Amino acid sequence: MLKQDEYFTKESTSSYDSAEPVGKWKEFTDSFRRQVPGATNSGSDIESLASQSAPDLQKGLKKRQLQMIALGGCVGSGLLVASGLALTNGPGAVLVAWAIVSTFLYCTMQSLAELVSVFPVSGSFATYATRFIDPSWGFAMGWNYAIFWVIVLPLELVAASLTINFWKSSINSVVWVAVFYVLIILLNLCGNKGFGEAEFIASVIKLLGIVGFDILAIVLICGGGDEGYIGGKYWHNPGAFTTGFKGVVSVLITATYSLAGTELIGLTASESKENPRKMMPKAIKQVFWRIIVFYMITLTLVGFLVPANSPKLIGSSSNASASPFVIAIRNGGIKALPSIFNVIVLVALLAIGNSAVYGFSRTALALSEQGLAPKFLGYIDRNGRPLGGILFSAFIGLLAFVAASPKQSTVFAWLVALSGLSTLFTWGSINASFIQFRRAMAHQGRTLDELPYVSNTGVIGAYYGLIMNILVLCLQFWISLFPLHQKPDATVFFQNYIGAVVVLAFYVGHKIYSRNLKFLVNISDIDVDAGRGKTDIDMLKQEIAEEKRARAALSWYKRYMEFWC
């Protein structure tokens, strides 16, 4: 008779390692069976990269994939299309709003870089909130983030199908929804390798497209198009701020929406083939260049090319024809490029749909492992895929077929409303978790020498990020009560602010269920060691000291480049 451990070893690896030949179909079907812990078919050093929450996820994400996910991941309709509606408030309002949001996003990502380098866990945001802030807040943040991503999938599917209509397609949009739906689910069923490779290719396409647009924009501004020399005339007429302070406030939410998903890189920590303590901070540093190249430079150039009072800007947020990028190219008299740029918009939308399945499945997995979500969402198959979360996301994705209904605009307006404020809560929670972690370190007399990566912005940056997220939430409440160019309306208010109501409902509901009336975890109760990527603190300190000495020996410009890259 086999011993129990030997039985599990044979059972869990028989379809991969048996000397007897196994049919391809049998191997394929067996890969969907529940994974026996420790039997992931990933070929990586699980011991060195073990994760507290999800030790059995496949570790297949490569260095280049992580860097491109950080650089170009989730750049989509927020920048390429929705920025057009923001531009109606004037180019100055756009730049001020994006600059404000970018500053506290950078601080947030630095806080996240430090946390994930120490604790490379799946579903990191919910896990950190539960551990460092409060279990009820962790429950609310986990479901807040999960709802955000599960709703994004059908939204992006419909947006992608409508983008096809740019070419006056006679094919029903539901057909395109079905095609894109199958493509995205299949990519995620390929595991994180499929997700990572798709994100890498999409990010390269977006990067090349936007850099190419920036070069073209400079040529058009200087007089290389049909309009002749443009210069800064649109900053004077109709003006840089066409709707005043209230307009800037309204653009803050659009800017936040366009930058949403930047934090997704934090979810990949437990699935990296590389050492997370070295790779994750380096990948997150790319966010600085993403902000500068993708957003600040590009939006500045768009503001020179498209006037705020252009009637073409007033359109559906999912309509590529309303994209200020397409409008700028068309105004320049370049005939073929609008179609080429529309392909980039389509790729960006599909990439976000791909990220949506990944983001939901990993967050749902973390919630399930903490006992905060149904057990089936914690199902991991033998190929290390969170199959329960992927299939549930696929089920909710069927909402995209409401595109065939005449009520689609109403349905999707409320779906967007459910996740509208999700990003602000997520970013604020990351900063609050970081502050609590640092407080616990100080309380226990621990030094920063034992941290694999130390945030460039520190505790001050985390407080700034937290305060700014709260401030934008308050300003959004004001703008929801008294919307721009409209009278107060209950429907408008709830479509803009129901996301906060949902978070509050989850938080209060968990408080009542758990009967835990504490609002903050005691600093003395926080464990700053459990779940570390590397638990031998003395060895870690020695490695860090050696890395610092090697860095100090570099020339000044190499040190400078390493700081930013």
Side-chain angles (χ1 to χ4, degrees), residues 70 74 78 93-119 124-125 128-129 131-134 137 141 144-145 245 248-266 280-281 283-292 294-296 299 421-443 448 451 453-479 499-500 503 519-521 523 526 563-564:
C74 294
V94 168
L95 289 184
V96 169
W98 255 270
I100 291 172
V101 175
S102 295
T103 57
F104 64 80
L105 168 62
Y106 180 76
C107 293
T108 301
M109 293 304 294
Q110 283 295 313
S111 298
L112 180 61
E114 182 170 311
L115 287 172
V116 298
S117 69
V118 181
F119 309 105
S124 55
F125 318 127
Y128 298 150
R131 183 170 181 174
F132 299 120
I133 303 175
D134 174 61
W137 187 250
M141 286 302 94
N144 166 65
Y145 200 65
F245 175 72
V248 176
V249 172
S250 68
V251 178
L252 285 173
I253 294 300
T254 306
T256 304
Y257 169 70
S258 78
L259 290 159
T262 304
E263 73 292 331
L264 183 72
I265 186 69
M280 295 306 296
I284 288 175
K285 286 179 185 180
Q286 309 303 318
V287 171
F288 173 79
W289 300 107
R290 172 180 174 174
I291 290 170
I292 297 297
F294 278 97
Y295 295 98
M296 300 312 297
L299 289 172
L421 298 177
S422 172
T423 301
L424 289 170
F425 283 106
T426 299
W427 292 354
S429 185
I430 291 170
N431 285 304
S433 298
F434 176 86
I435 292 167
Q436 283 289 91
F437 168 65
R438 282 292 192 90
R439 288 184 64 208
M441 290 280 290
H443 178 77
L448 302 184
L451 298 181
Y453 176 78
V454 178
S455 165
N456 292 338
T457 53
V459 176
I460 294 175
Y463 272 111
Y464 170 73
L466 177 60
I467 292 169
M468 288 303 296
N469 276 284
I470 294 172
L471 178 60
V472 174
L473 277 170
C474 294
L475 290 172
Q476 177 64 6
F477 182 81
W478 171 57
I479 209 76
V503 168
F519 294 101
L520 199 63
V521 176
I523 294 299
I526 294 177
F563 180 84
W564 292 108

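Values in this document were obtained by computation on a predicted structure and should not be read as measured data.
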**Report entry** Side-chain touch Leu451/Arg438, heavy atoms, less than 4.5 angstrom
**Finding:** yes
Report summary line: The reported gap from CZ in Phe434 to OG in Ser455 (rounded to nearest 0.5 angstrom) is 4.5 Å
Requested in this report: Rounded to the nearest 0.5 Å, what's the gap from CG on Leu299 to OG on Ser102? Could you check?
Outcome: 9.0 Å
**Report entry** Any Trp137 side-chain heavy atom under 4.5 Å of Phe425 side chain
**Finding:** yes
Query raised in the report: Out of curiosity, Thr457 OG1 to Gln110 CD, how far, rounded to the nearest 0.5 Å?
Result: 5.0 Å
Query raised in the report: Are side-chain heavy atoms of Met141 and Val503 found at a separation under 4.5 Å?
Result: yes
Requested in this report: Check Glu114 against Tyr453 and note the closest heavy-atom contact, atom names and distance.
Outcome: CG-O, 3.2 Å
Report task. Verify whether one side chain among Ser429 and Tyr128 offers a donor that lies under 3.5 Å from an acceptor in the other. Result -> no
Query raised in the report: Can you tell me how far OG1 of Thr108 sits from CD1 of Ile284, rounded to the nearest 0.5 angstrom?
Result: 11.0 Å
Query - Phe119 and Phe437 aromatic ring geometry - parallel, tilted or perpendicular at 30°/60° bounds - result: perpendicular
Query raised in the report: Given side chains that start at C-beta, do those of Met109 and Ile265 come closer than 4.5 Å, heavy atoms only?
Result: yes
Query raised in the report: Picking from Val96, Val94, Leu475, Leu95, what satisfies side chain to side chain contact (heavy atoms under 4.5 Å, CB included) with Val248?
Result: Val96
Requested in this report: Determine whether Leu520 and Ile133 make a side-chain contact, defined as any pair of heavy atoms from C-beta on separated by less than 4.5 Å.
Outcome: yes
Query raised in the report: With distance as the sole criterion, is a donor-acceptor pair present between the side chains of Thr256 and Trp427 under 3.5 Å?
Result: no
Query raised in the report: Do Tyr463 and Cys107 pass the side-chain contact (heavy atoms from CB on, under 4.5 Å) test, and can you show the C-alpha distance, the side-chain angles, and the key distance before you say yes or no?
Result: CA-CA 9 Å; Tyr463 272 111; Cys107 293; over 6 Å; no
Query raised in the report: How long is the span from the OG1 atom in Thr262 to the CG atom in Leu259, to the nearest 0.5 Å?
Result: 5.0 Å
Query raised in the report: Roughly how far, to the nearest 0.5 Å, is the CG atom of Asp134 from the CZ atom of Phe519?
Result: 8.5 Å
Query raised in the report: Do Phe288 and Asn456 come close enough that some side-chain heavy atom pair is under 4.5 Å?
Result: no
Query raised in the report: Would you say Asn469 and Phe104 make side-chain contact, with heavy atoms under 4.5 Å?
Result: yes
Requested in this report: Flag the pair Leu252 / Gln476 as yes when at least one side-chain heavy-atom distance between them is below 4.5 Å, and no otherwise.
Outcome: no
Query raised in the report: Of all heavy-atom pairs between Ser111 and Ala462, which one has the smallest distance, and what is that distance?
Result: OG-CB, 3.7 Å
